[in-house]
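The next block holds one structure in the form of structure tokens; read it before the comments.
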Number of protein chains: 2
Amino acid sequence: MSTARDQILDTMCELLELQGYHATGLNQIIKESGSPKGSLYYYFPGGKEELSAEALSRVGLVVLNRIRQHLNTIDSPAQAVRDFIVNIAHNVEASGYRAGGPITTVAMETASSSDRLRLECQGIYTRWQDAFAAKLSSPDAPDEVAHALAGVILAAIEGGIILCRTSRSQKPLLNVADAMAILIDQRR
Amino acid sequence: MSTARDQILDTMCELLELQGYHATGLNQIIKESGSPKGSLYYYFPGGKEELSAEALSRVGLVVLNRIRQHLNTIDSPAQAVRDFIVNIAHNVEASGYRAGGPITTVAMETASSSDRLRLECQGIYTRWQDAFAAKLSSPDAPDEVAHALAGVILAAIEGGIILCRTSRSQKPLLNVADAMAILIDQRR
DNA sequence: GTCTATACACTGATAGAC
DNA sequence: GTCTATCAGTGTATAGAC
């Protein structure tokens, strides 16, 4: 199994989260991954765009599993979501406010310049939203309400990450965590 | 007064919103603004970073005034915020989902690479948040609660813009609008 | 103040030896 | 499959004529 390919992908995932799409050069990728440029184009003939799409897909799945796993550890939907967001806040802080929101930057950068990457991000966001929605449906809250609420939670998290990284503080996400818990308990 | 300087700034504001920081080249700026490169470095000796900082500052003030103005036209805080967010959704749609969130992309791109631009974005976000908070304080809601809630609203808007542009739909922001109205009415 | 020409590093991408 | 050398183009920034 090609570990070279995996290393390139892992490096790309990291750099996209840290710097975004346009700030990440292929030379940096091959340097940090230790793989030569020849291998990069051997494994990803589509170049930077194809490599980015696969990297996004990979990190999207990792996060999806993290969401599902975390939400399953706590029974109460409100407390589960709250705890999950608090956890993100801690991770963002732990990275020195350099990481967090692995697809956020790329989503904005490519929303109107690359349909391939935009659709990749859209698919990931949809799956994340569905994962939240699954935790929020109940006899009192029909699927449509749960899905809409899940979208609001996702938006607040993404925006909260932006504010945390910009202000170098956990507060925005912590406030989001509390607010979302309130919102979940009010749903019907 | 120098309209050349203004044209460069206006063009930069637009391009930063559409494409972000790293995707916007100085050559494109001078081409679209009609000003030569000599003028650019005459007015902005600090180069791209200084030009971007001033552009962000300008667009930040424009939006700040828009927030204040809009919130003043409706008495009920919940309805005012709701209406404001619905308005953003319409504007994002009207741009073909190419614009919206004039500092969002740059904030993420430069959060860990340029302290100058990061601090510029931080200041803008703080002022926007304060503007929302001013509308939300009341005898029942102390300033601290209002300020925290304003931060959540700001985060949900920023994230909602990302989801709208990525999915090419107004729905995420419309759901955010409804949710924020509920949240405001529940505050204490 | 305005503009052109250009310096020099770096970009994504390719060719071809091994 | 792996690697190097290199392409053509673009990036930011500067020098200097006018």
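First the proteins, then the strands, lettered A, B, ... as listed; each starts at 1.
- Between B:Phe44 atom CZ and D:dT12 atom P there is a gap of 15 Å when expressed in whole angstrom units.
- When the options B:Arg165, B:Glu109, B:Met108 are evaluated for a side-chain contact (heavy atoms from CB on, under 4.5 Å) with A:Met108, the one that passes is B:Arg165.
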Atom pairs, protein N/O to nucleotides 1-10 of chain D N/O, distance under 3.5 Å:
unit_1 : atom_1 : unit_2  : atom_2 : d
D:dT2  : OP2    : A:Tyr43 : OH     : 2.8

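- To the nearest angstrom, P of C:dT11 lies 19 Å from CD of A:Glu49.
- Per the geometry, CG belonging to A:Leu26 stands 8 Å off P belonging to C:dT11, to the nearest Å.
- Sorted by first and then second residue, the ring pair (Phe, Tyr, Trp, His ring centres under 6.0 Å) pairs with a member in residues 152-188 of chain B form an empty list; sequence neighbours excluded.
- In this structure, the side chain of A:Lys135 engages the main chain of A:Leu71 through a donor-acceptor pair within 3.5 Å.
- With A:Arg118 contributing its side chain and B:Thr166 its backbone, the two residues share a donor-acceptor pair below 3.5 Å.
- Atom OH in A:Tyr41 sits about 17 Å away from atom P in C:dG16, given to the nearest Å.
- For A:Leu40 and C:dG12, the CG to P distance is 10 Å, given to the nearest whole Å.
- Atom CD in A:Glu50 sits roughly 15 Å away from atom P in C:dG12 (whole-Å rounding).
- The structure places OG1 of A:Thr73 at 10.5 Å from CZ of A:Phe84, a figure rounded to the nearest 0.5 Å.
- Within residues 102-118 of chain A, no residue places a heavy atom under 4.0 Å from DNA chain D.
- As a whole-Å value, the separation of A:Ile30 CD1 from C:dT14 P is 16 Å.
- Relative to the six-membered ring of A:Tyr21, A:Lys48 meets both conditions, a distance below 6.0 Å and an angle of at most 45° to the axis.
- Between the P atom of C:dA9 and the CD atom of A:Gln28 lies a distance of 19 Å, rounded to the nearest Å.
- In this structure, the separation between CD1 on B:Ile153 and CD1 on B:Ile67 is 10.5 Å, given to the nearest 0.5 Å.
- A distance-only check finds no donor-acceptor pair linking the side chain of B:Arg68 to the backbone of B:Asn65 [under 3.5 Å].
- A side-chain contact (heavy atoms from CB on, under 4.5 Å) with A:Ile88 holds for exactly one of A:Val86, A:Val92, A:Asn91; it is A:Val92.
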